[in-house]
S.K.: 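Once you've had a glance at the structure underneath, I'll fire off some questions.
These numbers come from the heavy atoms of this one structure, side chains and all, not from hydrogens, waters or symmetry mates. Reminder, nothing fancy here: chain letters follow the sequence lines and each chain counts from 1.
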Amino acid sequence: MKSYLVEIINNTSDKLEYLKEVDYKISVPNQNAHGDYSINAAMLLSKKLNRNPREIAQEIINNIEYDINIISKIEIAGPGFINFFFNPLFVVRIINDVLSDPMDYGKLDNFKGKKANVEFVSANPTGPLTVGHGRNAVVGDTISNMLEWIGYEVDREFYFNNAGRQMRVLGDSVKKRYLALLYDDTEDFPEDYYQGEYIIDIAEELKNEFGDKLIEESPEGIFKQRAEKNIFADIENTLDALKIKIKIFFNENSLYEDGKIDDLLSKFKEMDISYENEGAVWLRLKEMGNEQDKVIIKSTGEPTYRLPDIAYHTTKFDRGYDLIVDIFGSDHNATYPDVVAALKAMGYDTEKIKVVIYQFVTIMEGNEKVKMSTRKANFITLDELINEVGPDVVRYFFIMQNTTTHLNFDLELAKKHSDENPVFYLQYAHARISSILKVTHEQGLKLSTQNLELLVTESELNILKKLSIFKEEILYSAIQFEPHRIAVYLLELAGLFHKFYNECRIIGSENKLAEARIALVTAVQIVIRNGLRILGVTAPEKM
RNA sequence: GCGCCAGUAGCUCAAUGGAUAGAGCACCAGCCUUCUAAGCUGUAGGUUAGAGGUUCGAGUCCUCUCUGGCGUACCA
């Protein structure tokens, strides 16, 4: 529908030059009475042309050439909207479109041939993934899916650091637990060490395997290595449970081994965007328009996180991506501008970088907030959550809300009333259609697109209209990086279907109508299934 | 102090600068001898935190104030 509209308006602007000078918008009105599409061009032009907007609208309409079989009516409404009413006989063709490509309907090729890198999760192997990581993981994977649906080839990437202070503390935490197990020692365990049960599990494993042979081993040896190995295995299992497949695990350490860090430092020096002061190396961020200069090499000689972060991003550019997406929690919102500024100063096209900052997840246990800290181990792991409510609910819950808003996750509610989760409403629509198709098939009814014009009730037309904006919705959601829109769209479509279900029957209707309705619900099922695929949520045949 | 995000119905949230701000949950009243009642219909619920401004038009953009979250390291 929309492409036809764009076409006829473009043709019109050859006659009315002023249409080319205005950035008008084609929108879907929220009331049926306002047509299928609406444009606001006349109102925007009013001032420029110093004319009454309704008068301009009339002139535009007079100059539009269109096929009456496609558009049945164009009218001026309100302050100067031009509303387009499509002919239901044309709208109904959306069913043919959907049915012609059941597996992939909704896929677009707007960005075909482009490569994207989406970095997400990026948790260091110091403990199991938390619920906070869950939002990151689901947002990242869903955005990756959306980008794939609009044509990108996407690499899902996980960046981690298995060196540094955190990891030393991790190794030492394991060793302390190991010694405590051997000597049945209840000696005080340092408060700033990793407190979680999983540390004891690792220590126990080592004790069973090696007995007391590790007493003299360095904490950074087998203790750290085993901890990293086990924790990483856990992380991958958890992601697997959410059906997330990471393609590239990028080790920060490789940046040092490859000499990327040294190269970067000399480049900074060469370009004079770094300087030394009080024994540390600073980056001239203030000159780049940021708040203040920041340290990249401490006076101890150790780099701060910024240096490898910048080096890491240069590799993303060097690897030839057209789009570089970073998924960060809001606690990182102050860090990425420094990275971007440095890259820009070095001449990289930072327009390619899109940083998605999602707000925090607050876990509520009834009325009580649960503070999350890997170190303190008073967190609920993502694994536990998945076990409680299942991967579909977890994925849907994390994606149904705009990433810009806080997510209140009431565990009691999620556990107790999980069957009231909106995801079931959506899945139920899909399962219901499966059931309808099964029963109608048994009755000898077939799908037919021969008499789609019989679909005329309001609930049927509303569904057709909704189906026909599916692709627009995917494109818009993807380029805006707003995965929740897909969830909202599907919920609305499911709602329209449930309404139809209660108003229109298939079995019992005249054969031609029944078969047209089968085509309709099949199309709905395809769109719901494909939409759920983007969200990584299953579409059950039965509930 | 400064920066980012949020504040919309009792609760959780939608709304691409457009027309009468919408859903779900909860409450109340209805709808199953017919394709899945995890559903549908109806009632009720709003000064879009507050005050200014820009605009033909503001929940949306700008300024200020209030509330909450996250930052503001030679931690990551």
S.K.: Identify all stems in which RNA chain B takes part, counting only runs of at least 3 consecutive pairs (Watson-Crick or G-U wobble, each distance under 3.5 Å), and give each as one range with another, ordered by first number.
M.R.: B:1-7 with B:66-72, B:10-13 with B:22-25, B:28-31 with B:39-42, B:49-53 with B:61-65
S.K.: For RNA chain B, determine which residues of residues 37-53 of chain A have any heavy atom closer than 4.0 angstrom to one of its atoms, and list them numerically.
M.R.: A/Ser38, A/Asn40, A/Met43, A/Leu44, A/Lys47
S.K.: Distance-only check: which donor-acceptor pairs under 3.5 Å involve side-chain atoms of residues 32-45 of chain A, not counting sequence neighbours?
M.R.:
unit_1  : atom_1 : unit_2   : atom_2 : d
A/Asn32 : OD1    : A/Lys465 : NZ     : 3.2
A/Asn32 : ND2    : A/Asn462 : OD1    : 2.9
A/Asp36 : OD2    : A/Phe86  : N      : 2.6
A/Tyr37 : OH     : A/Glu472 : OE2    : 2.4
A/Ser38 : OG     : A/Asn83  : OD1    : 3.0
A/Asn40 : OD1    : A/Lys25  : N      : 2.8

S.K.: With a 4.0 Å heavy-atom cut-off, tell me which residues in residues 490-507 of chain A come close to RNA chain B, sorted by residue number.
M.R.: A/His498, A/Lys499, A/Tyr501, A/Asn502, A/Cys504, A/Arg505, A/Ile506, A/Ile507
S.K.: Using the 3.5 Å cut-off, write out each protein N or O paired with an N or O of nucleotides 43-45 of chain B and the distance between them.
M.R.:
none

S.K.: Between the protein and nucleotides 73-76 of chain B, which nitrogen or oxygen pairs are less than 3.5 angstrom apart?
M.R.:
unit_1 : atom_1 : unit_2   : atom_2 : d
B/C74  : O2     : A/Ser299 : N      : 2.8
B/C74  : O2     : A/Ser299 : OG     : 2.8
B/C74  : N3     : A/Ser299 : OG     : 3.3
B/C74  : N4     : A/Glu278 : O      : 3.4
B/C74  : N4     : A/Glu278 : OE1    : 3.2
B/C75  : OP2    : A/Lys298 : NZ     : 2.5
B/A76  : OP2    : A/Tyr305 : N      : 3.1
B/A76  : N6     : A/Tyr305 : OH     : 3.3

S.K.: Show which side-chain atoms of residues 435-442 of chain A pair as donor or acceptor with protein atoms under 3.5 Å away, not counting sequence neighbours.
M.R.:
unit_1   : atom_1 : unit_2   : atom_2 : d
A/Thr440 : OG1    : A/Ile436 : O      : 2.8
A/Thr440 : OG1    : A/Leu437 : O      : 3.1

S.K.: If you take any heavy atom closer than 4.0 Å to RNA chain B, which residues from residues 433-444 of chain A end up in contact?
M.R.: A/Ser435, A/Ile436, A/Val439
S.K.: Going by the side chain to side chain donor-acceptor pair (under 3.5 Å) test, which pairs reach into residues 475-486 of chain A, not counting sequence neighbours?
M.R.: A/Glu473-A/Arg485
S.K.: Can you name the atoms? Protein N/O to nucleotides 60-62 of chain B N/O, anything below 3.5 Å, with the distance.
M.R.:
none

S.K.: Could you work out, with ring-ring contact (aromatic ring centres under 6.0 Å, His included) as the rule, every residue matching A/Tyr501, not counting sequence neighbours?
M.R.: none
S.K.: Could you go over nucleotides 4-8 of chain B and give all protein N or O partners under 3.5 Å, atom names and distances?
M.R.:
unit_1 : atom_1 : unit_2   : atom_2 : d
B/C5   : O2'    : A/Gln359 : NE2    : 3.4
B/C5   : O2'    : A/Thr404 : O      : 2.4

